[in-house]
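When a residue number appears, it is its place in the shown sequence, counting from 1. Order of appearance sets the numbers: ligands from 1, and atoms from 1 within every ligand.
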Amino acid sequence: MPSLRATFPLLLATALAASPALAADAANGERIAKRWCAECHVVAPGQTSAKADAPPFATIAARNGTSVPLDKFLLNPHPKMPDMQLSRGEVADIVAYIATLKK
Ligand code: HEC
C-alpha cells in the first residue's frame, strides 16, 4: 500500500485543480486580491495607495459584503467596478479571504 504521506499531496493537487466548488482557499484569495484588486482597493492591512472611490476590503468585510451577496457581486460587478472575469473558484477564494479581514 502506498504511504499516505506520499499520496496526500497528489490527491490534494488533483482535487484543487479539478474542482472550483471545493473548499475555498483564503490564501489564494489573498494572492488574487493583491494581484488583481490592489490597484484600486486597499486589500490588506498596511497597503497605502488605492483609488478613493473603491472601498477597502476591510470595510467590505465589516459590513458583511455588498448590497447583494459578495459572491454574486463579484461574478457580475456593477459598472463603476470593472468586471474582472473571475471564475467561481476565484470568487470563493476572494470571499474567504475578505472574511479573514473582519475584525
Ligand atoms: C479599476 C479599479 C478596480 C479594480 C481593479 C477592482 N475594483 Fe472593486 N470596486 C471599484 C470601485 C470604483 C468600486 C465602487 C463601486 C461603486 O461604489 O459603485 C468597487 C467596489 C467593489 C466592491 C464593493 C461593492 C459594494 O457594493 O460595496 C467589492 C466587493 C469589490 N469592489 C471587490 C473587488 C475585487 C475582489 C477586485 C479584484 C478581483 C476588485 N474589486 C478590483 C474599483 C475596482
Side-chain angles (χ1 to χ4, degrees):
M1 190 182 117
S3 85
L4 238 193
R5 193 183 289 194
T7 44
F8 183 68
L10 187 67
L11 287 176
L12 190 66
T14 311
L16 288 176
S19 171
L22 219 76
D25 176 356
N28 189 47
E30 179 174 7
R31 276 193 298 277
I32 297 169
K34 286 183 170 161
R35 187 171 322 149
W36 297 108
C37 322
E39 174 196 339
C40 299
H41 294 270
V42 172
V43 304
Q47 185 188 330
T48 48
S49 69
K51 297 213 166 121
D53 59 349
F57 280 12
T59 306
I60 295 167
R63 44 174 160 85
N64 273 320
T66 53
S67 46
V68 295
L70 196 48
D71 56 342
K72 294 229 167 52
F73 174 82
L74 290 175
L75 287 169
N76 188 17
H78 50 80
K80 263 177 37 188
M81 155 102 187
D83 188 344
M84 310 289 292
Q85 311 279 332
L86 300 167
S87 72
R88 285 179 184 278
E90 288 166 336
V91 164
D93 292 351
I94 293 169
V95 169
Y97 169 60
I98 290 178
T100 69
L101 299 175
K102 199 167 165 182
K103 301 251 156 60

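- Looking at I94 against ligand 1, only its side chain comes within 4.0 Å, counting heavy atoms.
- For the pair P82 and ligand 1, a heavy-atom separation below 4.0 Å is found.
- Atoms of ligand 1 lying under 4.0 Å from at least one heavy atom of F57, given by number and element, are 32 (C), 33 (C), 34 (C), 35 (C).
- The closest donor-acceptor contact from the side chain of D93 to the backbone of D25 lies under 3.5 Å.
- In summary, H41 places an N/O/S atom under 2.8 Å from atom 8 (Fe) of ligand 1, meeting the contact criterion.
- A salt bridge (Lys or Arg N to Asp or Glu O under 4.0 Å) check over residues 45-57, counting only residues at least two apart or in different chains, returns the pairs E39-K51.
- Contact of the E90 side chain with the W36 side chain is not registered, since no non-hydrogen atoms from C-beta on lie closer than 4.5 Å.
- For the atom pair I32 CD1 and L74 CG, the distance stands at 10.5 Å (nearest 0.5 Å).
- Remark: among candidates P55, C40, A33, A61, the nearest residue to atom 42 (C) of ligand 1 is C40, based on non-hydrogen atoms.
- Remark: distances from the non-hydrogen atoms of R63 to ligand 1 include one below 4.0 Å.
- Residue pairs satisfying the salt bridge (Lys or Arg N to Asp or Glu O under 4.0 Å) criterion with at least one member in residues 69-82, sequence neighbours excluded, are absent.
- At a 4.0 Å heavy-atom cut-off, ligand 1 does not touch P77 at all.
- Contact annotation: the side chain of Y97 never approaches that of I94 to less than 4.5 Å [non-hydrogen atoms, C-beta and beyond].
- Under 2.8 Å from atom 8 (Fe) of ligand 1 lies no N/O/S atom of M84, from backbone or side chain alike.
- Of all atoms in ligand 1, numbered sequentially from 1 with element shown, those under 4.0 Å from a heavy atom of L70 are 29 (C).
- Atoms of ligand 1 lying under 4.0 Å from at least one heavy atom of F73, given by number and element, are 21 (C), 22 (C), 24 (C), 28 (C), 29 (C), 30 (C), 31 (N).
- Between the side chain of E30 and the backbone N or O of V43, no donor-acceptor pair lies under 3.5 Å.
- Distances below 4.0 Å separate heavy atoms of L74 from the following atoms of ligand 1: 32 (C), 33 (C), 34 (C), 35 (C).
- A distance of 7.5 Å separates CE of M84 from SG of C40, quoted to the nearest 0.5 Å.
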